[in-house]
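Please read the structure below before turning to the comments.
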Amino acid sequence: MNDYSKITALYSRLSVGDEDRDGGESNSIQNQKKFLESYARQLKLTNIRHYIDDDESGRFFDRSAYSRMIEDVENGKVGVCIMKDMTRWGRDYLQVGNAMEIFRRNNVRFIAVNNGIDSEKPDTLEFAPFINIMSEWYAKDISKKVKTGIKTKGMSGKPIATEAPYGYVKAPDNKDFWLIDEEAAEVVRLIFRLFLDGKNRNQIAVYLKNEQIPTPTFYMKDRGRGTAKSRTLNEENRYKWNKATLTRILTRQEYCGDVVNFKTTKHFRDKRNHYVDKSQWQITENVHAPVIDRTDFENVQRILENAPVKRPNGDGEIHPLSGLLFCKDCGAKMHIRIDYRNGGKRHVAFCSEYHKGKARNPKCHSPHIMDADLLMQTVSEVLKKIAEYSISNRADFEALVKKSLDVQQTDRTKKQQKRVPQITTRLEQIEKVLDKLYEDNALGTIPQDRYEQMSQKYSEEYYTLKEELAEIKEQLSAFENAGGRAQRFVKLTERYADFAELTPAILNEFISRIEVHERDRKRARYAIQHIGIYFNHIGRFENELTQLAEPTEQEIKKMREEIEEAKKEKSRAYHREYSRAYRAKNIEKQREYDRIKAREYRARKKAQAAAMSAQ
């Protein structure tokens with residue numbers, strides 16, 4: 001039995017409010033309120049209370065007014081609930097069914113006027129499940145149509161984002177074209193420049209805060225743009241940049257002038273976006289003016305991939321080689337710290353895995369210690385030689401680079417070249433087998449379960465081979481384009497031909513990684529240690545120009561003798577200096593000691609002479 005002294009809940013909802021609003025409430029909601037109030041009065045229902053969700057989708061049930069109404073129902077405050085129709089409730093038949101059960105359990109009368117549903121008349125409830133299912137189908141159909149329209153637009157190279165990213169604005173006469181917002185674009189360029197100069201993201205955030213540069217959210221809100229344009233923000237966060245924001249800026253390919261669509265997806269029942277794999281993105285290059293040079297953007301991505309975290313050492317420094325050094329044996333990154341021993345200051349690189357797990361089960365069994373400052377000098381000399389030679393002998397230099405790339409085509413690459421025709425032949429065979437299987441199944445000469453089993457087996461093999469073939473072709477194309485890679489490297493050397501100081505930006509432009517070998521004698525202060533430098537675009541480039549070839553046995557023997565002689569000479573020099581300092585400090589004591597010894601000597605001689613006279 002319903003208690004009509006309780007609240008009569010009138011629920012109104014509109015998915016997207018119309019543009020003609022009066023007092024902040026859409027006209028459709030006002031019409032729903034009037035309609036429901038009139039109907040309630042016809043039934044002589046009192047204690048009316050409106051629950052209104054404006055601009056709320058029926059696919060989701062975490063709506064504010066709806067949640068309050070359900071809470072009042074479960075607390076026994078509601079006696080009757082009236083809606084215009086079932087679609088106002090929602091478009092998920094499972095959720096609607098659960099809510100109807102809550103109403104029944106709490107003895108609440110439910111009325112959907114236009115559907116003719118009234119819980120006091122059980123025969124009217126028979127069609128409620130079908131109405132709910134049709135509502136969900138409608139939501140699915142609308143979602144499918146909207147997605148199709150968005151996909152068509154995105155595939156054509158037009159941006160489907162609601163807002164242009166920070167650094168751009170939509171053109172006034174063409175919403176599908178972005179123009180550079182110079183004020184914000186200058187901040188984006190500053191962020192990329194600081195990162196390439198060796199700053200990590202936390203340091204950049206501190207710098208931007210000290211310079212009082214507003215975050216993208218506040219910047220766009222001040223101009224009536226962005227997702228926060230209608231929200232109230234905490235002014236304390238106006239200049240509070242963080243690592244996540246800077247990472248989004250540093251990884252946005254749109255700043256190269258490209259349009260990147262379909263980075264996220266969502267189900268029609270789910271209001272949250274979910275990121276998809278990059279292989280599913282639709283990228284259209286050079287659509288609008290670039291904010292960042294493409295080469296700089298690619299260098300930043302490589303740095304982020306190789307060294308996602310560039311932490312300062314104990315003194316707050318980030319060495320220029322940070323993120324570029326890797327252990328040859330285990331492949332781990334090498335850390336760089338400052339050594340203040342012996343009254344000096346030198347930067348020392350060591351394998352991170354060795355120090356991480358040396359207590360038990362270490363991944364690397366040697367520290368691979370190297371003087372980072374000495375390595376900087378070596379790399380600087382090599383780059384200067386390359387720059388000078390490339391400018392004065394461009395044709396010869398391109399030939400050297402191509403020769404180096406040809407050498408890098410290892411046995412694995414040659415095996416891959418042989419593998420391509422094998423895969424192609426097998427794919428053709430599988431296609432014929434699948435066609436024959438389909439024909440046999442259609443004619444009924446093979447059982448259905450056997451057909452499904454064989455079809456699945458060959459299909460899995462087919463798609464596995466297709467993926468392998470695509471991967472091999474991608475790797476081979478990288479080697480085949482040796483001329484283009486050589487030219488890009490030559491342009492890079494021309495760009496930095498007369499550099500005076502080796503900055504982090506130059507290092508990251510030229511070098512992708514440096515592999516550090518273990519010393520020929522572990523824990524020896526003087527030892528021979530090899531390195532392998534891998535350049536951007538051309539990889540390992542070791543020849544007579546770089547002079548990084550490994551020394552011969554005779555050279556190693558000579559170097560070892562020189563090292564041993566240097567150690568001995570250093571020891572002798574130390575003892576000579578120590579003796580000099582000791583004598584200078586204890587000269588008076590030494591003189592007194594010498595006088596005592598002289599007196600003892602004279603007394604001894606005098607006694608000997610007296611003894612001889614007595615005889």
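Just the heavy atoms: all of them, side chains too, but no hydrogens, waters or symmetry mates, feed the values below.
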So which atom in [X] and which in [Y] form the shortest heavy-atom distance, rounded to 0.1 Å?
X	Y	value
Ser459	Leu434	OG-CD2, 4.2 Å
Arg225	Val169	NH1-CG1, 3.3 Å
Leu196	Asn508	O-ND2, 3.9 Å
Pro172	Leu179	CD-CD1, 4.1 Å
Ala228	Thr217	CB-CG2, 3.8 Å
Glu353	Cys330	CB-SG, 4.0 Å

Would you say the side-chain atoms of [X] pair up with the backbone N or O of [Y], donor to acceptor, closer than 3.5 Å?
X	Y	value
Ser352	His335	no
Tyr463	Tyr458	no
Asn234	Asn237	no
Asn106	Val108	no
Asp258	Glu254	no

- For Tyr166, the option from Tyr255, Tyr219, Phe218 that meets ring pair (Phe, Tyr, Trp, His ring centres under 6.0 Å): Tyr219
For a quick check under 3.5 Å, do [X] and [Y] share a side-chain donor-acceptor pair by atom type?
X	Y	result
Glu452	Gln456	no
Gln32	Tyr11	no
Arg294	Asn299	no

Does a side-chain N-to-carboxylate-O contact under 4.0 Å join [X] and [Y]?
X	Y	value
Arg426	Glu461	yes
Asp222	Arg238	yes
Glu183	Arg223	yes
Arg189	Glu182	yes

- Query: Checking side-chain contact (heavy atoms from CB on, under 4.5 Å) for the pair Ile249/Phe192: CA distance, chi angles, key distance, verdict?
  - Reply: CA-CA 9 Å; Ile249 290 175; Phe192 273 81; 4.2 Å; yes
Nearest-0.5 Å distance that lies between atom [atom1] in [X] and atom [atom2] in [Y]:
X	Y	atom1	atom2	result
Thr8	Leu45	OG1	CG	4.5 Å
Glu186	Ile180	CD	CD1	10.5 Å
Asn202	Asn242	CG	CG	9.5 Å
Glu298	Cys256	CD	SG	7.0 Å

- Query: Once the angle between the rings of His288 and Trp178 is folded into 0 to 90°, is it parallel (under 30°), tilted (30 to 60°) or perpendicular (over 60°)?
  - Reply: tilted
Contact check, side chains of [X] and [Y], non-hydrogen atoms, under 4.5 Å:
X	Y	answer
Ile111	Val113	yes
Arg248	Thr245	yes
Thr247	Lys243	yes
Leu250	Arg201	yes
Val259	Glu285	no
Arg104	Glu101	yes
Asp449	Gln453	no
Leu10	Glu37	yes

- Residues Asn47, Lys6; criterion side-chain contact (heavy atoms from CB on, under 4.5 Å); working and verdict: CA-CA 7 Å; Asn47 198 10; Lys6 295 182 179 180; 5.6 Å; no
- Give a yes/no verdict on a cation-pi contact between Arg193 and Phe195, requiring under 6.0 Å between NZ or CZ and the six-membered ring centre and an angle within 45° of the axis. no
- Counting only heavy atoms not in Lys209, do more than 12 sit closer than 6.0 Å to its NZ atom? no
- Item | More than 12 heavy atoms of other groups within 6.0 Å of Glu236 CD | no
- Task: Applying side-chain contact (heavy atoms from CB on, under 4.5 Å), run through Trp241 and Ile204 and close with a yes or a no.
- Result: CA-CA 9 Å; Trp241 290 77; Ile204 296 173; over 6 Å; no
Donor-acceptor pairs under 3.5 angstrom involving side-chain atoms of residues 67-84: please list them, not counting sequence neighbours.
{"from": "Ser67", "atom 1": "OG", "to": "Arg63", "atom 2": "O", "distance (Å)": "2.7"}
{"from": "Asp72", "atom 1": "OD2", "to": "Tyr51", "atom 2": "OH", "distance (Å)": "2.6"}
{"from": "Asn75", "atom 1": "ND2", "to": "Glu71", "atom 2": "O", "distance (Å)": "3.1"}

